[in-house]
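Below is one structure, written out as structure tokens; the observations come after it.
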2 protein chains.
Amino acid sequence: MANVKCSIPKGTRDFLPVEMARRNYIFDTIRSVFRAFAFEPIETPALENLSTLMGKYGEEGDKLLFKVLNSGDFMEGVDFQESPNKVAARICDRGLRYDLTVPFARFVVQHRDQLAFPFRRYQLQPVWRADRPQKGRYREFYQCDADMIGSTSLLNELELVQMIDMVFSKLNINVVVKINNRKVLAGIAEMIGAPERLVDITVAIDKLDKIGLDNVRNELKERGLSDSQVAALDPVFALSGDAAQKLASLEQMFGNVEVGKQGVAELKELFGYIAAADIRCEVELDLTLARGLNYYTGAIFEVKAKDVSIGSICGGGRYDNLTGIFGMADVSGVGISFGADRIYDVLTELEGFPQDLSQAARVMFINFGPAEQAVCVAIASQLRRAGVATLIYPEAAKMKKQMEYANRRGVPFVAFVGESEMRDNTVTLKNMTDGTQETLAVADMIEKLK
Amino acid sequence: MANVKCSIPKGTRDFLPVEMARRNYIFDTIRSVFRAFAFEPIETPALENLSTLMGKYGEEGDKLLFKVLNSGDFMEGVDFQESPNKVAARICDRGLRYDLTVPFARFVVQHRDQLAFPFRRYQLQPVWRADRPQKGRYREFYQCDADMIGSTSLLNELELVQMIDMVFSKLNINVVVKINNRKVLAGIAEMIGAPERLVDITVAIDKLDKIGLDNVRNELKERGLSDSQVAALDPVFALSGDAAQKLASLEQMFGNVEVGKQGVAELKELFGYIAAADIRCEVELDLTLARGLNYYTGAIFEVKAKDVSIGSICGGGRYDNLTGIFGMADVSGVGISFGADRIYDVLTELEGFPQDLSQAARVMFINFGPAEQAVCVAIASQLRRAGVATLIYPEAAKMKKQMEYANRRGVPFVAFVGESEMRDNTVTLKNMTDGTQETLAVADMIEKLK
């Protein structure tokens, strides 16, 4: 079977060692911060029952779920005259995880008796979406989520902002954290007498930066708001100053609109915490921020890189009833998700990856033949036990070939054990960076490379 | 939508924090050894084209592949009168990875120009098989593979044995490494004049321990070997002594059977290396070992735990033509795969997991109210920056509730910042293990917990 074409499905990727090292640098950084904030790791299966996933991501999301064909005689008793959706539901019981949030909700409900609440979990796993692949959008990609569930304290929100700050400070990426609150948006809608138009209003406000105030006004009218309702939004568009000033104006504006007042109170408390905490990145109140609106009930977060033009690299918010869809009511949660792929792109553009990440071998022994190899094996054992990544070239090939291999693998030290080294119980070590060479006792060599 | 039933597909698992900690202990140990031997990490997508996977695992394997339904109108132009297999091939272009070996072969061929040969890769990723679930057998499970490809040197085989030794020595599991060589089995088949019956002979020999010599002889006759051919196997069954003695007898027995002689020569060289290396576990020659025979062409490895009755916990071997199926001939490789799930079961039975693995928080601050909380946030920031996993209870709940939470999370230290601590810039630290308590300056507390 010669020359089978080698390829992988569209929208998926292989990761070579250099890419793995860079990705692991990002994952390890995020994980170290999750751990510092005492989140606990969990994992859920890639395969979930489709009954768990369907209907949780809207109609569009249902279409983007990868469905897995039932095993055995999947066709038995199926009417193939039905619609593709109905047939798919009959021949596929399981699907691939679409995000980490719905499986987490399912997990919390299923294992609630084994968990200590407030439960803080993190989860770094791939998800799958049958989206049209394009630059920066994949069909298989990792999500890095941290959520705390079972506590309404705004200290949780503060901690998420601190975590964002710590992750991007460790990665040396300048970011701005944008914060909003769903209750403020609801308050605005109620204030202008259109509480049911919350989504329309938010979508329009969200476009303010891109299309300008006049176009936003026109769009709102097209969406069915009256002239007076649109005019009533003017004070919102006119808000200025820092977070505290905007919040003070909003509070006045809201008068007796309870939900809006509560949103302002929450934001005031959170911004108060943020001001007191030692947060190094920029944090701003952004009333146009509306991501995941169907879903969030309180705080909304989004993080953007300041020096690279790319979408958001982290986002999240508070949801008051996520586990409700699985029959467990009144559990409030708040969480964030880091976009590892976009962070990878940002670091690539900034040339922000540390230099020595992909160095998988610290030293390689040149192979001069059976007798010398035996000595190298013994020394390599000691190095490896000491945790030093060590290679022995597996054959007594030509020196040029062996050195080329060391170079291609980026090995910083090459070790020679020849006749004189064997006699003296030494190793000659060549520094591949500066070309210098020294002959050392074995113990000294191990000490040097550790 | 109240009370949706919460469950996951049969044969899949959720991993709770305690299980995650234990699994990560196993993965981290294996990974640390792979790294010490300078293997480089790669990852391949969970989704592969079915054309890559089909026909690589035998007819049975094809059935066990999870197939993913095509998106969009998957039914268009499909004749549902055809057999399930044919219909499945029409409506599914992609499937889930069944093991890490075939995707690795595909990877090597696809990226050969970017790799330095001999290429040493490791890969820890889940695989999926639509097997009937049973104790210890899952439909979604991790494989931990290391392979070196592009070198025929037996030093590679030695290094794999060293790696096995190091992994199980770190995990404190007593193991025996069994080694065989496909060429010796082929030599035996040729010697008795039945070279084409290699598989029958090996399957029968493999049962020697279980069913005894007479039954093995009967089975061989049932499988079509003549009485004289079966009798010619007697010297093989009669082999005794250590590896060196068995190999000496085999060498004599083989006379001019080239393939058998080559197998013996390889085993002699490998056992010579093993004797000279500082290997701590038991290593034995086992001529009944035949795993993956369709596949391996030289060395065959299998590892068993000595103190727990369970199948093999690691296995591998040399394959001379794995990439041939993708059109790249003459690339020899050798590799091993650790069975993380079985190793987990072994460590559970041996109570071999370290005690403090699941300790996700090192210290928890009791929350006495807003003023105290603000001080705790500042101290917690310093602790977290120093890498100390730190919790602040998010609400000023009753002390009993907060302490219960600390207990459930297994936090070893609880920190109190009350009025006097705020005044003196100190923290009172309670050791939850022995109940002792001390009041420390903040800097001293951080130093103590680091």
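Protein chains get the first letters and strands the later ones, always in sequence-line order, with residue 1 at the start of each.
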Inset, instruction - Measure distances from B:Y405 to the heavy atoms of chain A and classify the residue's part below 4.5 Å as side chain, backbone, both or neither. - result: side chain
Legend entry - Exceeds 12 heavy-atom contacts within 6.0 angstrom, atom CD of A:Q114: yes
Inset, instruction - Can you tell which part of B:L158 gets under 4.5 Å to a heavy atom of chain A, answering side chain, backbone, both or neither? - result: side chain
Inset, instruction - Give a yes or no on whether a salt bridge exists between B:R94 and A:E140, defined as a side-chain N under 4.0 angstrom from a carboxylate O. - result: no
Inset, instruction - With a 4.5 Å cut-off on heavy-atom pairs, point out which of A:L69, A:D14, A:T12 contacts chain B the most. - result: A:D14
Legend entry - Contacting region of A:Q162 [heavy-atom separation from chain B under 4.5 Å]: side chain
Legend entry - Structural part of B:R13 lying under 4.5 Å from a heavy atom of chain A: backbone
Legend entry - Side chain, backbone, both or neither of A:A380 within contact of chain B (heavy atoms, under 4.5 Å): neither
Inset, instruction - Check whether B:E82 gets within reach of chain A through its side chain, its backbone, both or neither, counting any heavy atom under 4.5 Å. - result: backbone
Inset, instruction - Taking the side chain as every heavy atom from C-beta outward, state whether B:V377 and A:Y273 have any pair of such atoms under 4.5 Å apart. - result: no
Legend entry - Toward chain A, the part of B:S83 with a non-hydrogen atom under 4.5 Å: backbone
Inset, instruction - Pick one of side chain, backbone, both or neither for B:A88, based on which atoms fall under 4.5 Å of a heavy atom in chain A. - result: both
Inset, instruction - Counting only heavy atoms closer than 4.5 Å, note whether B:N156 contacts chain A via side chain, backbone, both or neither. - result: side chain
Legend entry - Top of A:V411, A:D73, A:D278 for chain B proximity - count of heavy-atom pairs under 4.5 angstrom: A:D278
Legend entry - Atom group of B:I91 that falls short of 4.5 Å from chain A, counting heavy atoms: side chain
Inset, instruction - Salt-bridge test for B:K86 and B:D79: reply yes if a basic N is under 4.0 Å from a carboxylate O, no otherwise. - result: no
Legend entry - Heavy-atom contact with chain A under 4.5 Å, split by part of B:Q373: side chain
Inset, instruction - Considering only heavy atoms, give the residues of residues 381-393 of chain A separated from chain B by less than 4.5 Å, sorted numerically, with 'none' for an empty result. - result: A:S381, A:R384, A:R385, A:V388, A:A389, A:T390, A:L391, A:I392, A:Y393
Legend entry - Segment of B:F74 engaging chain A (4.5 angstrom heavy-atom cut-off): side chain
Legend entry - B:I8 side chain near A:T52 side chain, heavy-atom distance below 4.5 Å: no
Legend entry - Region of B:E48 that comes under 4.5 Å of a non-hydrogen atom in chain A: both
Inset, instruction - Give, as side chain, backbone, both or neither, the part of B:D131 having an atom under 4.5 angstrom from any heavy atom of chain A. - result: neither
